[in-house]
2 protein chains.
Amino acid sequence: MSHMLYHRLMALDRDQVLRSAAALLTRKSTATMDEVAKAAGISRATLHRHFAGRDALVRALEALGIEECEAALEVARLDEGPAAEAVHRLVRAIEPAAGLLSFLYTENQLFEGEQQHQGWARIDERLTALFRRGQESGEFRIDLTPAWLTEALYGLLASGAWAVAEGRVAAKDFTYMIVELLLGGARRTNA
Amino acid sequence: MSHMLYHRLMALDRDQVLRSAAALLTRKSTATMDEVAKAAGISRATLHRHFAGRDALVRALEALGIEECEAALEVARLDEGPAAEAVHRLVRAIEPAAGLLSFLYTENQLFEGEQQHQGWARIDERLTALFRRGQESGEFRIDLTPAWLTEALYGLLASGAWAVAEGRVAAKDFTYMIVELLLGGARRTNA
DNA sequence: AGCATGTGAGACATTCTTGTCTCACTACAG
DNA sequence: CTGTAGTGAGACAAGAATGTCTCACATGCT
């Protein structure tokens with residue numbers, strides 16, 4: 001196996017392992033390296049060849065989550081059109097990654113002392129900018145701060161993913177439920 | 001020390017230990033028994049005399065959370081007046097327990113195989129009943145299911161508690177932010 | 001004083017997870 | 001065929017957390 005080919009295949013393997021690890025840890029956040037390996041269909045030794053340890057695995061998952069978030073931000077074109085529609089596009093684009101996001105959202109609470117990944121700060125900034133844009137254009141109310149709306153979006157994505165996984169809401173309603181609640185709220189508008 | 005007095009003091013101690021454990025685990029969900037004991041100002045041995053093990057401690061915290069939730073449900077008088085105001089009273093009453101709720105909300109994901117505490121089912125039922133009542137009275141929209149509204153409330157309580165702990169929103173705005181977002185949403189009403 | 005109770009400190013074995021290493025096996029390229 | 005690379009299985013030690021136990025000390029009652 002040539003040098004080039006080796007690296008290409010390893011990268012593929014690594015990504016697939018990462019995906020299955022994400023899927024498993026989304027359901028059981030305390031899964032051991034052995035369980036992660038078995039879920040990926042490889043041995044613990046091979047898992048360790050891909051990721052130096054559990055820490056490295058979580059870091060890689062974090063990088064994957066940031067990557068998918070930023071990809072979703074690109075797809076959603078947050079700067080174009082009404083902010084409400086941009087939020088809708090965003091949630092739709094981010095839905096596949098919601099489970100992983102949910103895992104990372106709770107996992108981040110463990111990185112207490114250490115600084116959190118710079119990528120999250122950039123994503124936060126782009127989200128708050130979106131909500132701020134909505135406020136300045138008159139679409140969104142100004143008494144709910146952009147920072148809170150961002151945090152609430154994370155929370156709703158997490159509970160949405162959890163509710164879908166538990167079967168309490170249909171997967172096809174995920175985006176609708178979140179966007180409608182975040183933007184419109186539960187109160188019936190008499191319009 | 002008499003028999004009666006013994007039990008009374010133990011109960012007091014136990015409750016205080018439980019409170020401090022809740023406060024600690026809310027911030028660091030992976031704290032060890034040793035850390036929990038130190039945070040409570042007692043030794044690990046004494047902690048073990050109160051709670052047979054970490055499992056028993058978490059169970060006791062779960063019972064405490066259920067207890068405080070049901071107390072909040074009573075205080076909020078969910079059956080009286082407009083459903084929207086009942087939601088407001090509920091969030092205000094449940095605010096002190098939001099941190100503990102947040103901890104239990106994520107911890108529950110670990111009780112995968114086992115059945116969850118029956119108390120949560122009762123609380124869920126009362127919350128969905130509240131949202132259903134709001135729908136039937138015409139206050140709430142009918143396209144967001146009561147089950148989802150209940151789940152979303154949990155999620156918003158969790159992110160609210162987290163955002164306050166991180167200093168991203170002011171503690172005094174906790175109830176307002178959650179209630180306004182849950183009921184009114186981010187979109188500005190042109191009324 | 002004498003006694004009982006609760007506590008803190010620490011030792012100890014146990015269990016679980018992790019990280020490292022070795023060895024045999026398979027697939028594939030030359 | 002032969003060597004090389006990757007893998008799986010398993011052994012192994014190290015570390016952390018838990019659960020249990022003992023012992024000395026303090027407190028308060030009789």
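So that the names make sense, note that chain A is the first sequence line, chain B the second, and so on, each numbered from 1.
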Value in whole Å for how far the C1' atom of C:dG10 lies from CD1 of B:Ile42: 16 Å
Given 3.5 Å as the limit, does a donor-acceptor pair link the side chain of A:Arg122 with the main chain of A:Gln118, or not? no
Please report the distance, rounded to the nearest Å, between NE2 in A:His50 and P in D:dG6. 10 Å
Pick out which of A:Arg92, A:His88, A:Glu95 makes a side-chain hydrogen bond (donor to acceptor under 3.5 Å, both in side chains) with A:Thr175. A:Glu95
Rounded distance (Å) that lies between atom P of D:dG6 and atom CG of A:Leu47: 17 Å
Mind checking side chain to side chain donor-acceptor pair (under 3.5 Å) for B:Arg89 and listing every partner two or more places apart, or none if nothing turns up? none
Donor-acceptor pair, distance only, cut-off 3.5 Å: does the side chain of A:Thr46 make one with the backbone of A:Ile42? no
Do any N or O atoms from the side chain of B:Glu139 and from the backbone of A:Arg188 form a donor-acceptor pair under 3.5 angstrom? no
Per-nt protein contacts along nucleotides 14-21 of chain C (heavy atom under 4.0 Å; B base, S backbone sugar-phosphate only, - none) come out as ---SBBB-
If we ignore hydrogens and angles and just use 3.5 Å, is the side chain of B:Gln135 paired with the main-chain N or O of B:Phe140 as donor and acceptor? no
Would you tell me if any nitrogen or oxygen in the side chain of A:Ser43 comes within less than 4.0 Å of OP1 or OP2 on D:dT7? no
B:Lys38 NZ - C:dT7 C1' separation (whole Å): 14 Å
